[in-house]
There are 2 protein chains.
Amino acid sequence: MPTMRDVADHAGVSIATVSFVVNNTKPVTAATRSRIEASMKALGYRPNAVARALASRRTRILALAYPMLDHRLGGSGMEFMIAAARTASTYGYHLMMWPGANDGRELTELVGQQLVDGVILMEVQLDDPRVAALKATATPYALIGRTADPSDSLHVDIDFEQSTSGAVQHLHDLGHRHIVFVTGTQDRESYYNYGPYVRTERAFRDVTARLGVAPVIIESGQDTTAGRDLAHRLFTECPDTTAVLVLNEFAAIGLLTGVIHRGVRVPEDVSIMSMLTSDEMATYTQPSLTIMRSPGTALGELAVHQLVQRMTKGTVPDPVLLPSTLVPAESTAPPPAIPYGRR
Amino acid sequence: MPTMRDVADHAGVSIATVSFVVNNTKPVTAATRSRIEASMKALGYRPNAVARALASRRTRILALAYPMLDHRLGGSGMEFMIAAARTASTYGYHLMMWPGANDGRELTELVGQQLVDGVILMEVQLDDPRVAALKATATPYALIGRTADPSDSLHVDIDFEQSTSGAVQHLHDLGHRHIVFVTGTQDRESYYNYGPYVRTERAFRDVTARLGVAPVIIESGQDTTAGRDLAHRLFTECPDTTAVLVLNEFAAIGLLTGVIHRGVRVPEDVSIMSMLTSDEMATYTQPSLTIMRSPGTALGELAVHQLVQRMTKGTVPDPVLLPSTLVPAESTAPPPAIPYGRR
DNA sequence: GTGAAAGCGCTAACAG
DNA sequence: CTGTTAGCGCTTTCAC
């Protein structure tokens, strides 16, 4: 691997001059510049990222910290990651995955290594020790989600109020008056005070109050199996239900398939709407789910934009809440049944 | 941020000695060691990863290169990423996501920066320019998947022969004699010669020949919509079908829901088996899919193990093919139908 | 416009 | 066992 030294010798200039053209950081005669460029090409020179980082005190690496909770990332979590990595690379940054515990200690370690210029925190909790840790180290960061403290700046998040009221309003417009809201079970340490649960539930109470319908709220686990169980619970506990709003996409899929499997028709008998969901998940069922689509990709891009702006311009962009989009289930003309009965 | 210099001064030793205890690289008296450790704690010292990397010529960063194809990562792709990141961190390595084009050029750039000690290549194609690029730069790498060239060492992959024959054998044991194999459409540049397609199809031909049944193979797109269309195509093109083997999990879900939606019973009328699938995907339908479970997590761990062994010990581990596991659909006692007809 | 030189913080001989 | 010292490859003043 040729170094800058080699290039300088080859071009008959000083190492400093090479640096100037590589970084375009000082004026250089067109003649010498092209001579240097020729040498770089001839030698196949590539600047050494590590040396550059040490000297310039910037690594051009961003960390994406996602807590290793017991649950898997949903579809939009994945969208988020991919979008963030792609966006980072357009800025000339690399994205490092950082699967850490949910406490601040490990994060402090990571940041102390000075390997990353900034950190993106996914799945921020209302009371998140990682945010405090990050603040203490003065590392630039961006939050996906919000803490309870409104002064924790630079976050992007889903607009839960908009999502929830949009969903409820839609169902209400369709004539539904008995709407059940299914939120996540909060008995676990990590989910207690989980922002999306708290904010969505609050929004649900608000909008139902506004519309003058009773807020029925039940808890459920966050996977398809739990959702399947709901299919039973729902009709015993809340027999009047005509529409269900499910906070978790996995649970929503379980509920929908479970309900259909029991001979209940969707949406004729009951409407099901899945919140915080990606397009992809909606297609897994038939009929497809009606969803409030999470802006996963947009969040990923935005988070990186914001963070980079903070690091380079030094300004702290305003928090942004992105709306969810209502995506109705594709209307399924009932297909011709296939007479089928061999074996 | 205190440096090693500060620690040395504080402890009244030389910078070298501090380095020795930090890296545990030379014997140091218990007395001085503890004095140094005390100083480190007192000052809150953390070694600077960049300086360390420059001096030692190892960054302790691994790159995970995944091609940004048009398709999304399946469930096991995600499992893989998470497992790889976690395993890397147990070795003291960081994992950097690298969303690159599918050609070798960008990869050469990345490696030229000398920011990573090794590269893991996901979704390796039978004829993959990235592998050639990597070989040329002499960077340690591990492949997920295989090229056509058996001398491309250090790969881990799914044992497609085992997966396929296991699946077919299972169906055959159940009495099926008309088994359709659904592979991916190969008209796209990026999928042409895609290893999993090629190997699985070959294995299917082999095992059906061995069992004396006719190999029926049809192509389909790789998403739920395409799978849904299959529900129709299948019964017109191959009316004798009693079992279907679907290579893609999204297509499998589409097929299953589509078929059920048309009044065909699964598995009474037709059996559906999804290949290369994660547990998670199997739960999205009801009845759940019978799957050959991909060893996504195991692959992720193994790939990192292998790569690290190559980098540290210098030995090149033997390729490993991991088997898939047959996970039958959970037997669904038909639930009591719920009389339901309000609204 | 170009060059000399002093670091960036740490590792790794080599001496002692 | 501990200290001295020469880099690692590049950025960045400060002179010229």
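Chain letters run A, B, ... following the sequence lines, proteins first and then strands; every chain starts at 1.
- Note that CD of B:E123 and CG of B:D128 are 10.0 Å apart. Values are rounded to the nearest 0.5 Å.
- Extent of DNA chain D lying under 4.0 Å from chain A heavy atoms, first and last nucleotide in 5' to 3' order, is D:dG9 to D:dC14.
- Side-chain N or O atoms of A:Q306 include one that pairs as donor or acceptor with a backbone N or O of A:D318 at under 3.5 Å.
- Each end of the helix from C:dG1-D:dC16 to C:dG16-D:dC1 gets its own axis, taken as the rotation carrying the C1' atoms of four end pairs onto the next four within a five-pair window, and the two axes meet at 40° to the nearest 10 degrees.
- Contact detail for A:I158 and A:R146: the closest heavy-atom pair is O-NH2, 3.5 Å.
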Name every donor-acceptor pair, under 3.5 Å, that has one atom in a side chain of residues 56-63 of chain B and the other anywhere in the protein, sequence neighbours excluded.
| residue | atom | partner | partner atom | Å |
| --- | --- | --- | --- | --- |
| B:S56 | OG | B:R52 | O | 2.7 |
| B:S56 | OG | B:R58 | N | 3.4 |
| B:T59 | OG1 | B:I61 | N | 3.2 |
| B:T59 | OG1 | B:L115 | O | 2.9 |
| B:T59 | OG1 | B:D117 | OD1 | 3.1 |
| B:R60 | NE | B:G92 | O | 3.3 |
| B:R60 | NH2 | B:Y91 | O | 3.0 |

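- Across residues 41-50 of chain A, not one residue has a non-hydrogen atom less than 4.0 Å from an atom of DNA chain C.
- For B:T139, the side-chain hydrogen bond (donor to acceptor under 3.5 Å, both in side chains) partners two or more places apart in sequence, or in a different chain, are B:T137.
- At a non-hydrogen distance threshold of 4.0 Å, B:T32 from residues 32-40 of chain B come into contact with DNA chain D.
- For DNA chain C, no neighbouring residue in residues 108-115 of chain A is found when judged by any heavy atom under 4.0 Å.
- Minimum heavy-atom separation, B:L154 to B:P317: CD1-CD, 3.6 Å.
- Atom-to-atom distance recorded for B:M97:CE and B:M81:CE is 4.0 Å, nearest 0.5 angstrom.
- The line from CD1 of A:I144 to NE2 of A:H155 is 10.0 Å long, rounded to the nearest 0.5 Å.
- Taking CD1 of A:I120 as the reference point, atom CH2 of A:W98 lies at 14.5 Å (rounded to 0.5 Å).
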Scan the side chains in residues 20-32 of chain B for donor-acceptor partners under 3.5 Å anywhere in the protein, sequence neighbours excluded, and list what turns up.
| residue | atom | partner | partner atom | Å |
| --- | --- | --- | --- | --- |
| B:N23 | ND2 | B:S19 | O | 3.0 |
| B:N23 | ND2 | B:S19 | OG | 3.3 |
| B:T32 | OG1 | B:T29 | O | 3.0 |

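- You'll find the side chain of B:L43 reaches within 4.5 Å of the side chain of B:V7, heavy atoms only.
- In this structure, the separation between CG on A:L110 and CZ on A:R130 is 12.0 Å, given to the nearest 0.5 Å.
- The structure places CG of A:L307 at 11.0 Å from CG of A:L302, a figure rounded to the nearest 0.5 Å.
- Listed in residue order, the members of residues 14-28 of chain A having a heavy atom less than 4.0 Å from DNA chain C are A:S14, A:A16, A:T17, A:F20, A:K26, A:P27, A:V28.
- Chain A approaches DNA chain C over the interval C:dG1 to C:dG9, counting the first and last nucleotide 5' to 3' with an atom under 4.0 Å from its heavy atoms.
- Scanning for salt bridge (Lys or Arg N to Asp or Glu O under 4.0 Å) contacts around A:D9 gives A:R5, with sequence neighbours left out.
- In this structure, B:S39 and B:A11 approach most closely via the heavy-atom pair OG-CB, 3.3 Å.
- Nearer to the 5' terminus of DNA chain D, by closest-nucleotide assignment, is the contact made by B:A51 (compared with the other of A:S56 and B:A51).
- The shortest heavy-atom contact between B:P2 and B:G44 is CG-O, 3.8 Å.
- A donor and an acceptor atom, one from each side chain of B:T147 and B:D149, are nowhere located under 3.5 Å apart.
- Closest approach of B:V131 and B:Y141 over heavy atoms only: CG1-OH, 4.4 Å.
- Here side-chain hydrogen bond (donor to acceptor under 3.5 Å, both in side chains) pairs that include residues 103-112 of chain B, with residues two or more places apart or in two chains, are A:R46-B:E109.
- In this structure, A:A83 and A:G300 approach most closely via the heavy-atom pair CB-CA, 4.3 Å.
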